[in-house]
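Inspection log for the structure reproduced underneath, given as structure tokens.
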There are 2 protein chains.
Amino acid sequence: MTKKNSVPTVREIASHCGVSNATVSRVLNGNYSNGFSVREEVRQLITQIADELGYRPNLAAKNLVQRKTKIIGILGYNMVFGWPSNIYQVTTEAAVRYLQDHEYDICSTAPNFLRDDTELPPWRVDGIIVLQECSSRTIEQMEKIRLPYVVINGLAGAMGSTVVLDDIEATGHAIEYLLNLGHRRIAYAGPTPEHRKHMSIRDRHDTYLSELKKHGLPRISGHDKIFLSTQDFLETAVLEEHATAILAYDHIIAMKILHDAPASNIQIPEQVSLMCFNDEYLCDIVKPGLTTIGAPSRDMGKLAAEILLTQIKLPAEERCRQQIELHQHLIIRSSTAKPFRTSGSSVPNDLNRRFSGYDEDVLLDTSKNIKS
Amino acid sequence: MTKKNSVPTVREIASHCGVSNATVSRVLNGNYSNGFSVREEVRQLITQIADELGYRPNLAAKNLVQRKTKIIGILGYNMVFGWPSNIYQVTTEAAVRYLQDHEYDICSTAPNFLRDDTELPPWRVDGIIVLQECSSRTIEQMEKIRLPYVVINGLAGAMGSTVVLDDIEATGHAIEYLLNLGHRRIAYAGPTPEHRKHMSIRDRHDTYLSELKKHGLPRISGHDKIFLSTQDFLETAVLEEHATAILAYDHIIAMKILHDAPASNIQIPEQVSLMCFNDEYLCDIVKPGLTTIGAPSRDMGKLAAEILLTQIKLPAEERCRQQIELHQHLIIRSSTAKPFRTSGSSVPNDLNRRFSGYDEDVLLDTSKNIKS
DNA sequence: CAATATTAAGTAAACGTTTACTTTAATATA
DNA sequence: TATATTAAAGTAAACGTTTACTTAATATTG
């Protein structure tokens, strides 16, 4: 009603209603501890006036006295900045939903390299969720001020919890699946461990090699070079070395192969089967649908949020890091099939499943993704 | 050094250094007003101890006394939540860069419908940038507390500034370009004005109609239906009504057409030219490269940030909304060509430019995008 | 009706900074 | 030597909430 052009405060509401600011605060927060009570009419007046004035509590003041913010920061590989394709969208969504259900707000901010080389938000947060990675300086800072944090699919410092994917197991399953289909010449397309740091790069590549060794199968050239040109890769791996299946590090590489294979006169899956990690939304609408190894994205997000809130509730000295590893699962589509000597003969789609030795429903069951 | 497990405060640093908290505050902020000064050794000691303790000022306390946060909130069509393809990435980046250069931090948050139906962050911000749109409740709130805000490519309330694109002009240019190429049967593929609310939907569609009328050209069926199936659209617009050019509402629709045209045995641009709005990064790597109408994304972001900071600096009563409209520009690639009766004959790529009557360099000059 | 319990609040300190104002000691000036 | 100036700080209030503690009025009980 009144035309004050400043933001309304608790004290203003109080004077409007002829009560003290303490009363307003308690009413608005529903805090009836310490034997507090109000008459119903006063309670209604306060909420009404607060609404009329458009009152929003000054979180700064609130934080100051309560020494917590009810805000969780989200860092790393999220969407605020420059990541072209975000594989953590579903994960983030699940985490945020869980946090909001538990009365936490979330925030993310662009790293400000002019202010400081941290990625931490300038205001206090009660905890942090890191998507894949953040700078080591940021890790140091969180450790120093004992800020609870959980890293999703990445590495943490001494007191940080993690929720990671078991890529070694998943690669094993992928190879096993291809073996069961009858493949004996399996190629790998992806970055080599030297070239970037995320652990999935090493895990997937090295497990590819060790699985081949275990089964006495030959390595196919191309796994030892970074994947740059589809044509080069197909030339050596498929045309020269006669690979019958390709395991790709991620969906981006698989998409490239899928898109460029026709230009080299290579049919997928008739001539060569193709499968990859990261079950992103494109994988199922593309033709042929890509067989993938999918991560339990939603579980990752929810678990990370759960762990974080548990840590926050604990007194600082009782906190101890949690490290959870999650299973991934095969999603069988039509880009993989039994190998055929007679190239060009097309395979009925459902042959895949009939002979694969896998029951898709079992593999898609994510009800128990957490490793014991 | 000391093993306190709480976050360090100004007062702690002060007692470590044997000085008062005021001295610490002034040194750390470089605030030498009111004739303040320190001995060099004390100054160094303070900064050193602050660094050792990992001191970060409590922004809540700071905000409280300074009554500003130096934080700008980013709302709307950004990347924190569920938008599959974000056309404002470059815009956001430009805005953030400008804001950071001027000592502002930025933040974005997921709308929390459990707390309140605002999209405003829970903590105070000094200003808001809205990407395309936010809820009307949010607009109301910003107006009520007189929070400065700028809407990019969307509508604002009574005191909100806007930076928008002139879609009417741009559509006119697009049609003119196609006319100059020799096209007389031009189709339009996109949503119809009834179906969603963003002004570009109406502006592009209605200008398409009025331009056709102005030049006495026939409408092609399809403009009056929401674009759903590429096959249906091509069937009527191209095969039945012999359109020689298609103007698509956005790059998503254009991509679909480009991708599905071969299945209907339609060649682009030999049989039909294709162009669209939104010059997203896919448009230039696809084959044939898409002729587009591009927005000055970077300018939009920077301008919005500039306007916002200007408003913030002004005392509340002197603020007055700014409304800026920006030109868009043609980016000519190879999906458009002169119409050919003899379908199937391929067109040398550079013919486009030679006969288009447009000088690409001039059209790409964004140095003066602001309409006078 | 007095003592006690309950209802309905009010009071004031605290959170961590910033900053206008004040103080002290040393040095410069008259 | 007395006074003025300056360097180098210190003091305390204020920002808007929350909350432990207190108080006054009313209701209940014996």
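Below, all heavy atoms of this structure are taken into account, side chains as well, without hydrogens, waters or symmetry copies. Naming: A, B, ... by sequence-line order, numbering from 1 per chain.
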Base, sugar-phosphate, or nothing for B/Thr9, non-hydrogen atoms under 4.0 angstrom? sugar-phosphate
If you only use heavy atoms from C-beta on, which nucleotide in D/dT17, D/dG10, C/dT17 is closest to the side chain of B/Val10? C/dT17
With nearest nucleotides of DNA chain D determined for B/Ala61 and B/Ser37 from heavy-atom distances, which residue corresponds to the more 5′ nucleotide? B/Ser37
Upstream residue (5' side of DNA chain D) when B/Val65 and A/Ala22 are each assigned their closest nucleotide: B/Val65
Side-chain N,O (B/Tyr55) to OP1/OP2 (C/dT17) below 4.0 Å: yes
What integer distance in Å separates A/Leu59:CG from C/dG16:P? 16 Å
Please report, rounded to the nearest Å, how far the P atom of D/dA8 is from the CG atom of B/Leu45. 16 Å
A/Asn58 side-chain N/O to A/Ala60 backbone N/O, donor-acceptor pair under 3.5 Å: yes
For C/dA9, does either OP1 or OP2 sit under 4.0 Å from a side-chain N or O belonging to A/Thr23? no
Looking at A/Arg124 and C/dG16, is any side-chain donor or acceptor paired with a base atom of the opposite kind under 3.5 Å? no
Does any N or O in the side chain of B/Tyr149 come within less than 3.5 Å of the main-chain N or O of B/Gly157, such that one atom is a donor and the other an acceptor? yes
Report which part of the nucleic acid A/Asn63 touches: base, sugar-phosphate, or nothing (heavy-atom distance under 4.0 Å, all strands). nothing
Can you tell me how far P of C/dT17 sits from CZ of B/Arg56, to the nearest Å? 12 Å
Would you say A/Thr9's side chain and A/Arg11's backbone share a donor-acceptor pair under 3.5 angstrom? yes
In whole angstroms, the gap separating C1' of C/dA14 from NZ of A/Lys68 amounts to 16 Å
Is there a donor and acceptor pair closer than 3.5 Å between the side chain of B/Arg67 and the base of D/dG16? no
Please tell me if B/Ser25 has a side-chain N or O lying less than 4.0 Å from either OP1 or OP2 of C/dT18. yes
Cation-pi check, B/Lys70 to B/Tyr104: give yes when NZ or CZ is under 6.0 Å from the six-membered ring centre and within 45° of the ring axis, no otherwise. yes
Spacing of A/Arg39 atom CZ relative to C/dG10 atom P, expressed in whole Å: 10 Å
Can you see if the side chain of B/Gln66 gets near the phosphate of C/dT19 - specifically, an N or O under 4.0 Å from OP1 or OP2? yes
Any donor-acceptor N/O pair, A/Ser108 side chain to A/Ile74 backbone, under 3.5 Å: no
Does the side chain of B/Asn21 get closer than 4.0 angstrom to OP1 or OP2 of C/dT17 through an N or O atom? no
If I take atom CG in residue A/Asn34 and atom P in nucleotide C/dG10, what distance separates them, rounded to the nearest angstrom? 16 Å
List, one per line, each side-chain donor-acceptor pair under 3.5 Å for residues 306-316 of chain B, sequence neighbours excluded.
from, atom 1, to, atom 2, distance (Å)
B/Thr310, OG1, B/Glu306, O, 2.7
B/Gln311, NE2, B/Cys320, O, 3.1

Can you tell me how far C1' of C/dG10 sits from CG of A/Asn31, to the nearest Å? 15 Å
Could you work out which one of D/dG16, C/dT18, C/dA9 sits closest to the side chain of A/Val38? C/dA9
Given atom CG of B/Asn58 and atom C1' of D/dC15, what is their separation to the nearest angstrom? 13 Å
